[in-house]
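Reviewing the structure listed below.
Since the structure is predicted, the reported quantities are computational estimates derived from the model, not experimental observations. Heavy-atom basis, side chains included; hydrogens, waters and symmetry copies ignored. In what follows, chains are A, B, ... by sequence order, proteins preceding strands, each numbered from 1.
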Amino acid sequence: MPWQPNKLEAERLEKLRELEARGVAAYPARVRRTHSAAQAIAAFEAAEAQPEPPTVEVTVCGRIRRVNIKGKLAFMHIEDESGRVQLFLRINDLGEDTYALIADKLVDTDDFVQATGEMMRTRAGEVSVLTREFVLLAKSLSPLPVIKQSVLDDGTVVEYGEFNDKETRYRQRYADLAVNRSVRDTFVKRSRITTACRRFLDDIGFLEVETPVLQPIYGGAAARPFTTHHNELDQQLFLRVSFELYLKRLLVGGYDGVYEIGRDFRNEGVSFKHNPEFTQLEFYKAYIDYRGVMEITERMVAYAAEYATGSTLIDYHGQQIELKPPWRRVTMRDIVKEHSGIDYMDYPTAELLEGEIRRRGMQVKPGLPWGKLIEHLFSDYAEPKLIAPTIVHDYPRDISPFAKRVVGDDLHVERFEFYIGGMELGNAFTELNDPLDQEQRFLDMAQTFRAGDDDETPLDEDYLRAMRYGMPPNGGFGMGLDRLAMVLLDQPSIRDVLLFPHMRDLK
RNA sequence: GGGCCCAUGGCGCAAUGGUAGCGCAGCUGACUUUUAAUCAGUUGGUUGUAGGUUCGAAUCCUACUGGGCUCACCA
């Protein structure tokens with residue numbers, strides 16, 4: 001659909017024509033910046049503190065956020081990533097032609113400009129650029145939503161007006177970012193969370209790797225995939241649902257510790273904590289078991305919190321949560337018993353457990369495997385209560401095809417998930433490295449699938465071959481980085497930590 | 001996919017079946033230290049789309065589209 005300028009846009013187009021008529025380039029190629037807004041102010045304040053303050057000459061660039069024309073004098077605030085700085089613009093300093101661009105309002109809020117001059121302080125005390133040269137860098141044709149700000153004496157910024165329509169903000173994130181400072185901050189912090197995890201793992205000897213996104217056989221998680229097709233090879237491909245099987249092949253290859261941070265794709269429901277593509281962090285480390293993974297997990301999450309927010313004490317949905325290790329560790333059996341009153345070991349088959357669940361009035365799909373029933377009990381009764389960071393370990397074997405059995409316990413495997421703020425953030429195991437056991441698990445899962453559980457886990461022969469060459473014992477870990485960001489940054493929806501969340505087509 | 005709620009100028013909102021208004025932004029004018037600048041004047045709407053009820057619909061009904069919350073599946 002071609003652009004249909006609205007009234008405000010038509011006015012700006014008219015200004016664009018007038019600029020052209022006056023020989024002013026609206027989108028010049030040359031630009032020069034000596035200081036960011038924050039640097040310009042800092043440099044002036046440093047100079048000011050000296051006994052004989054030197055002059056501070058700057059060229060700053062940014063987007064105009066406020067214009068106040070007072071006859072032959074004008075003020076502007078321009079904003080770059082570092083913050084805002086005021087321009088002090090007088091007809092005497094700029095000359096009539098340049099000043100006319102401002103006085104005739106050919107330059108608007110939202111335009112990008114460049115200003116050169118000496119730093120000074122206005123009568124009201126605001127550090128400003130006494131602008132001598134004023135250059136339009138980029139004309140804005142569509143006005144952004146207007147939010148006025150006032151700064152109180154204590155430095156708090158009060159905003160008047162808002163741009164708060166969630167749909168428009170998600171669909172036009174660029175506008176959301178341009179207008180809402182706090183949104184910009186959120187994504188800076190999210191980036192720092194990723195950096196922190198990467199740095200933490202690098203520092204303890206992990207190797208960052210990249211594995212295929214397009215996979216002929218998907219696996220590693222119980223999830224429905226997106227399918228695609230390679231035309232030239234005439235090959236059906238799946239977008240990965242996890243990295244697990246490729247990363248563990250690398251341990252066979254001889255690396256002791258590998259991790260990947262990247263996108264997983266799951267063709268399932270969308271909700272406040274599910275997006276069709278999401279960022280996953282997985283690592284696998286040889287010669288440790290899930291106890292070792294627990295330790296890494298606690299330290300990594302605490303490190304990320306500290307690095308991104310400055311503290312391991314976070315505020316999530318009004319609750320204070322301390323992330324400093326050690327975290328509570330509790331078995332699945334104990335946590336389910338604690339919150340539901342059911343000791344599922346008293347009901348060691350699916351039939352018995354389903355009967356007990358129904359007796360207590362819970363709705364549950366008939367014919368679920370034992371482990372799935374336990375998961376339901378857990379997520380209904382226990383999960384929402386796990387606000388403080390909690391490691392829940394020793395999962396039912398029949399829902400965990402890649403984890404080793406707990407020694408002397410046929411029904412449980414060495415697996416844990418960890419919960420913060422009542423939300424699952426990650427999943428980890430002592431990884432299965434017995435190729436024959438693994439093959440049997442694949443076959444069992446296929447059986448379950450045929451029995452009606454619709455999360456297919458296809459048999460990956462190549463993965464089994466890799467394992468037959470010998471895989472070192474290892475601990476593995478997967479975590480949704482988006483969810484970690486939600487918790488650390490106190491955001492209510494995964495869409496608030498995704499720059500471009502998935503949205504339905506507009507028809 | 002089910003349930004509930006929402007959709008009105010660029011943005012934020014009003015109008016309880018009877019003339020679609022307000023603030024900000026915009027536009028015109030005044031103003032050489034303002035800062036949510038101020039003062040005077042002023043433009044802009046087929047009320048998400050398509051039907052229906054009614055003398056009359058932003059308002060009531062139906063369907064559709066998009067969004068939010070929630071339940072189910074999942075990380």
Legend entry - Shortest side-chain distance from A/Glu167, nucleotide among B/A25, B/C27, B/G67: B/G67
Legend entry - Check: A/Lys139 side chain, A/Leu106 main-chain N or O, donor-acceptor pair, under 3.5 Å: yes
Legend entry - P spacing across the pair B/A7 / B/A15, given as an integer number of angstrom: 11 Å
Inset, instruction - Could you tell me the separation between the CZ atom of A/Arg65 and the C1' atom of B/A36, rounded to a whole number of Å? - result: 14 Å
Inset, instruction - Check for a donor-acceptor pair, side chain of A/Thr186 on one end and backbone N or O of A/Arg184 on the other, with a separation under 3.5 Å. - result: no
Legend entry - Lys/Arg N to Asp/Glu carboxylate O, A/Asp111 vs A/Arg63, below 4.0 Å: no
Inset, instruction - Quickly, which of A/Leu425, A/Leu323, A/Ile193 forms a side chain to side chain contact (heavy atoms under 4.5 Å, CB included) with A/Val487? Name it, please. - result: A/Leu425
Inset, instruction - Flag the pair A/Glu20 and A/Arg17 as a salt bridge only when some basic side-chain nitrogen lies within less than 4.0 angstrom of an acidic carboxylate oxygen. - result: no
Legend entry - Atom-pair distance (CG on A/Asp176; P on B/G12), nearest Å: 11 Å
Inset, instruction - For A/Met503, report the nucleic acid contact type (base, sugar-phosphate, nothing); a contact means any heavy atom under 4.0 Å. - result: sugar-phosphate
Legend entry - Under-4.0 Å salt bridge between A/Glu383 and A/Lys385: no
Legend entry - Nearest-Å distance for atom pair CD1/C1', residues A/Ile147 and B/C13: 15 Å
Legend entry - Rounded P spacing from B/A30 to B/A20 in Å: 36 Å
Inset, instruction - Ignoring backbone atoms, test whether A/His376 places a side-chain nitrogen or oxygen under 4.0 Å from the OP1 or OP2 oxygen of B/A72. - result: no
Inset, instruction - Examine the side chains of A/Asp80 and A/Ser82 and answer whether a donor and an acceptor come within less than 3.5 Å of each other. - result: yes
Legend entry - Rounded C1' spacing from B/U65 to B/U49 in Å: 7 Å
Inset, instruction - Inspect the contact between A/Arg22 and A/Asp97 and indicate whether a charged nitrogen and a carboxylate oxygen are less than 4.0 angstrom apart. - result: no
Legend entry - Distance between C1' atoms of B/C31 and B/U47 (Å, rounded): 40 Å
Legend entry - Euclidean distance, atom CG of residue A/Asp110 to atom P of B/C24 [Å, nearest integer]: 18 Å
Legend entry - Integer angstrom distance from the P of B/G48 to that of B/C11: 13 Å
Inset, instruction - Looking at every strand, decide which applies to A/Ile91 at a 4.0 Å heavy-atom threshold: base, sugar-phosphate, or nothing. - result: base
Legend entry - Side-chain ion pair, A/Arg240 and A/Glu260, N-O less than 4.0 Å: yes
Inset, instruction - Indicate yes or no: does A/Glu48 engage A/Arg121 in a salt bridge with an N to O separation below 4.0 Å. - result: yes
Legend entry - Watson-Crick or G-U wobble partner of B/C39, both distances under 3.5 Å: B/G29
Inset, instruction - Would you classify A/Arg171 as touching base, sugar-phosphate or nothing, given that sugar-phosphate means primed atoms plus P, OP1 and OP2, and contacts are heavy atoms under 4.0 Å? - result: sugar-phosphate
Legend entry - Separation between the P atoms of B/U46 and B/U8, rounded to whole Å: 14 Å
Inset, instruction - Name the pairing partner of B/C60, where a pair is Watson-Crick or G-U wobble with both distances under 3.5 Å, or state none. - result: B/G52
Legend entry - Partner residues of A/Asp165 under the salt bridge (Lys or Arg N to Asp or Glu O under 4.0 Å) criterion, sequence neighbours left out: none
Legend entry - Watson-Crick/G-U partner (both atom distances under 3.5 Å) of B/C13: B/G21
Legend entry - Interatomic distance at P, B/G10 relative to B/C73, whole Å: 43 Å
Inset, instruction - Can you tell me the distance, in whole Å, between the CG atom of A/Asn275 and the C1' atom of B/C73? - result: 15 Å
Inset, instruction - Using heavy atoms to find the nearest nucleotide of RNA chain B for A/Lys105 and A/Val67 separately, return the residue whose nucleotide is more 5′. - result: A/Lys105
Legend entry - Under 4.0 angstrom between A/Lys148 side-chain N/O and B/A37 OP1 or OP2: yes
Inset, instruction - Determine: side-chain N/O of A/Arg224 to OP1/OP2 of B/C73, distance under 4.0 Å, yes or no. - result: no
Inset, instruction - Measure from NE2 on A/His317 to P on B/C69 and round the result to the nearest Å. - result: 11 Å
Legend entry - Identified pairing partner of B/A7, criterion: Watson-Crick or G-U wobble below 3.5 Å: B/U65
Legend entry - Distance, C1' atom - from B/A57 to B/A50, rounded to whole angstrom: 15 Å
Legend entry - Separation of B/A36 P from A/Asp153 CG (nearest whole Å): 11 Å
Inset, instruction - Could you tell me which nucleotide pairs with B/A72 by Watson-Crick or G-U wobble geometry, both distances under 3.5 Å, or answer none if nothing does? - result: none
Legend entry - Reading 5' to 3' through nucleotides 4-11 of chain B, protein heavy-atom contacts under 4.0 Å coded B for base, S for sugar-phosphate only, - for none: ------BS
Inset, instruction - Give one of base, sugar-phosphate or nothing for A/Gly71, where a contact means two heavy atoms less than 4.0 Å apart. - result: base
Inset, instruction - Just compare B/G68, B/U32, B/C27 and give me whichever is closest to any side-chain atom of A/Lys15. - result: B/C27
Legend entry - Side-chain donor/acceptor of A/Tyr463 to backbone N/O of A/Gly219, under 3.5 Å: no
Every protein N/O within reach of nucleotides 33-35 of chain B N/O, cut-off under 3.5 Å:
from	atom 1	to	atom 2	distance (Å)
B/U33	O2'	A/Arg123	NE	3.4
B/U33	O2	A/Arg123	N	2.3
B/U34	O2'	A/Asn68	ND2	2.3
B/U34	O2	A/Arg66	NH2	2.8
B/U34	N3	A/Gln86	OE1	2.9
B/U34	N3	A/Gln86	NE2	3.2
B/U34	O4	A/Gln86	NE2	2.6
B/U34	O4	A/Thr122	OG1	2.8
B/U35	O4'	A/Arg66	NH2	2.9
B/U35	O2	A/Glu126	OE1	2.7
B/U35	N3	A/Glu126	OE1	2.6

Legend entry - Interatomic distance where OH belongs to A/Tyr160 and P belongs to B/C22 [whole Å]: 23 Å
